[in-house]
Q: 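This is the structure I want to talk about, given as structure tokens.
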Amino acid sequence: MTLLLAPMEGLLDATLRDVLTRTGGIDRCVSEFIRVTNTLLPERAFVRVVPELLNGGRTRSGVPVRPQLLGSDPACLADNAGRLAGLSPFGVDLNFGCPAKTVNQSRGGAVLLDEPELIGRVVSAVRRAVPAHVPVSAKMRLGFNDDQRAEDCAQAIAEAGADELVIHARTKAHGYRPPAYWERIAQVRESLPSGAMQVIANGEIWSVAEALRCREVSGCDALMIGRGMVTDPGLALAIKGQGGVPWGEVAPLLAVFWQQVSGRVERRHRAGRLKQWLNYLRKRYPEAQTAFDALRCCNDPPQIDAWLHASTGLAAAWETPVAPATRRFLPENRMAVPPAEMAQPC
């Protein structure tokens, strides 16, 4: 079974992708979205969100990462996809599923599911803009307020030449409330011509049993997992029948995560990032609950360093800085952009 790691804006960024792919089981990642409006972005804008582009498009453990673009202007998305393709990514993904109100108000994400014709034009334009060997994929929900146009959207994406389609088995209106309607994925998949494109199921996969049930109901041989993997870093391995990951192996990863956060994130936001992940981990590991309770009221990075050092035995964050080649593209170390690299009108 092929397993993809889902994009999760504000949570599953390059740091967490790096850490989670170290545990094994994930075959490919999709990045959080890169917003495209009316400008041709400089290359460093893509690298800022997907620093793996500096590592052959892979995480440190060798897992491919596919950058994701979000927008609604076919020509502008095509221009940016063409520039992105010059960085040799493992394909280009298009976001038609983000449910965030601010994104939808800017005509991005799930709001486009009411306009399958526009979705088709976007995919077609991007497909023409990138070399034939570069895969083009998309991610969508079942719809915006309802799922009446799910088949129309999937057919538009297939007819436009996409290689893959991930379907999150809920509408925008459903948000993230269970259940996920895997049976609708099966219906959408069956509405497509045979061999048109691969359909990948996503939504509410928290355990091995749910993964197997999702595969059975949806008829998809490939799944995308997100919050389930953040909660249980061993989920992908377990789904593949290779056992899970005990806390003894997760704790060192927590220290690695903190080390990278300390090198990439502004000081005042670092503690929040660590607690955000612990909040997920504590649903699976009692030890994570203990860590969450110990650090809940702590926002001082040196104190967190000391606690993690005492708990894991690993070096404090400041003793192993992030490599300069990576740091120079990070938000808190933004360089002045030379004129030739500035965003240009599409």
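Keep in mind that this is a model prediction, so the values were computed, not measured.
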Q: Going from NZ on K139 to CZ on F96, what distance comes out if it is rounded to the nearest 0.5 angstrom?
A: 12.5 Å

Q: With sequence neighbours excluded, tell me which residues meet side chain to side chain contact (heavy atoms under 4.5 Å, CB included) with R35.
A: F33, T37, L70, V103, S106

Q: Got a second to check how far C214's SG is from M224's CE, nearest 0.5 Å?
A: 12.0 Å

Q: Using the rule given for side chain to side chain contact (heavy atoms under 4.5 Å, CB included), can you reason through L253 versus R22, listing the C-alpha separation, both sets of side-chain angles and the distance that settles it, and then say yes or no?
A: CA-CA 9 Å; L253 293 178; R22 294 184 188 208; 4.1 Å; yes

Q: Look only at the side chain of R170 and the backbone of Y176, and say whether a donor-acceptor pair between them is shorter than 3.5 Å.
A: yes

Q: For E210, is there an ion pair with R213 - N to carboxylate O distance below 4.0 angstrom?
A: no

Q: Side chains of T102 and Q105 only: does a donor on one sit below 3.5 Å from an acceptor on the other?
A: no

Q: Any side-chain donor paired with an acceptor under 3.5 Å for D163 and S137?
A: no

Q: Under a 3.5 Å distance rule, please check whether D305 uses its side chain to pair with a backbone N or O of L308 as donor and acceptor.
A: no

Q: Are the side chains of F257 and L278 in contact, using a 4.5 Å heavy-atom criterion?
A: no

Q: Mind checking what makes salt bridge (Lys or Arg N to Asp or Glu O under 4.0 Å) contact with E9, not counting sequence neighbours?
A: none

Q: Any side-chain donor paired with an acceptor under 3.5 Å for W258 and Q260?
A: no

Q: Would a distance-only check, ignoring hydrogens and angles, find a side-chain to backbone donor-acceptor pair under 3.5 Å from W277 to V230?
A: yes

Q: If only atom types and distance count, is the side chain of K240 paired as donor or acceptor with the main-chain N or O of G25 below 3.5 Å?
A: yes

Q: Please say yes or no: joined through hydrophobic side-chain contacts below 4.5 Å, possibly via intermediate residues, are I225 and L4 part of one cluster?
A: no

Q: Does D79 pair with R83 as a salt bridge, N-O distance under 4.0 Å?
A: no

Q: Count the heavy atoms belonging to other residues, nucleotides or ligands that lie under 6.0 Å from NZ of K283, then report whether that count exceeds 12.
A: yes

Q: Using only atom types and a distance under 3.5 Å, with no angle test, would you say the side chain of R184 pairs donor to acceptor with the backbone of D147?
A: yes

Q: Is the shortest side-chain N to carboxylate O distance from R282 to E287 below 4.0 Å?
A: no

Q: Minimum heavy-atom separation for C220 to V199, with atom names?
A: SG-O, 3.4 Å

Q: Tell me whether V166 is reachable from V92 by hopping between hydrophobic residues (I, L, V, M, F, W, Y) whose side-chain heavy atoms are closer than 4.5 Å.
A: no

Q: Taking atom CG of L223 and atom CG of L212, what is their separation to the nearest 0.5 Å?
A: 8.5 Å

Q: So, do T15 and D18 sit near enough that their side-chain heavy atoms are less than 4.5 Å apart?
A: no

Q: When the side chains of residues 188-198 are checked against the rest of the protein, which donor-acceptor pairs come out under 3.5 Å, sequence neighbours left out?
A:
from: R189; atom 1: NE; to: S218; atom 2: O; distance (Å): 3.1
from: R189; atom 1: NH2; to: S218; atom 2: O; distance (Å): 3.4
from: S191; atom 1: OG; to: V188; atom 2: O; distance (Å): 2.6

Q: I'd like to know if F90 and V134 are part of one continuous hydrophobic network [Ile/Leu/Val/Met/Phe/Trp/Tyr, side-chain heavy atoms within less than 4.5 Å].
A: no

Q: Pair R128, S124 - check side-chain hydrogen bond (donor to acceptor under 3.5 Å, both in side chains), show working.
A: CA-CA 6 Å; R128 293 193 304 269; S124 180; 2.6 Å; yes

Q: When you check the gap from the basic side-chain N to the acidic O, do E266 and R273 get nearer than 4.0 Å?
A: no

Q: Salt bridge check: are E115 and R149 linked by an N-O gap of less than 4.0 Å?
A: no

Q: Measure from NZ or CZ of R141 to the centre of the six-membered ring of Y181 and say whether it is under 6.0 Å with the direction within 45° of the ring axis.
A: no

Q: Pair E52, R66 - check side chain to side chain contact (heavy atoms under 4.5 Å, CB included), show working.
A: CA-CA 10 Å; E52 294 95 340; R66 182 169 297 176; over 6 Å; no

Q: Hey, mind stepping through Q276 and L11 against side chain to side chain contact (heavy atoms under 4.5 Å, CB included) and telling me if it holds?
A: CA-CA 8 Å; Q276 181 187 40; L11 173 63; 3.4 Å; yes

Q: Parallel, tilted or perpendicular: which describes the rings of W247 and Y285, with under 30° parallel and over 60° perpendicular?
A: tilted

Q: Do the charged groups of R17 and E32 touch, with an N to O distance under 4.0 Å?
A: yes

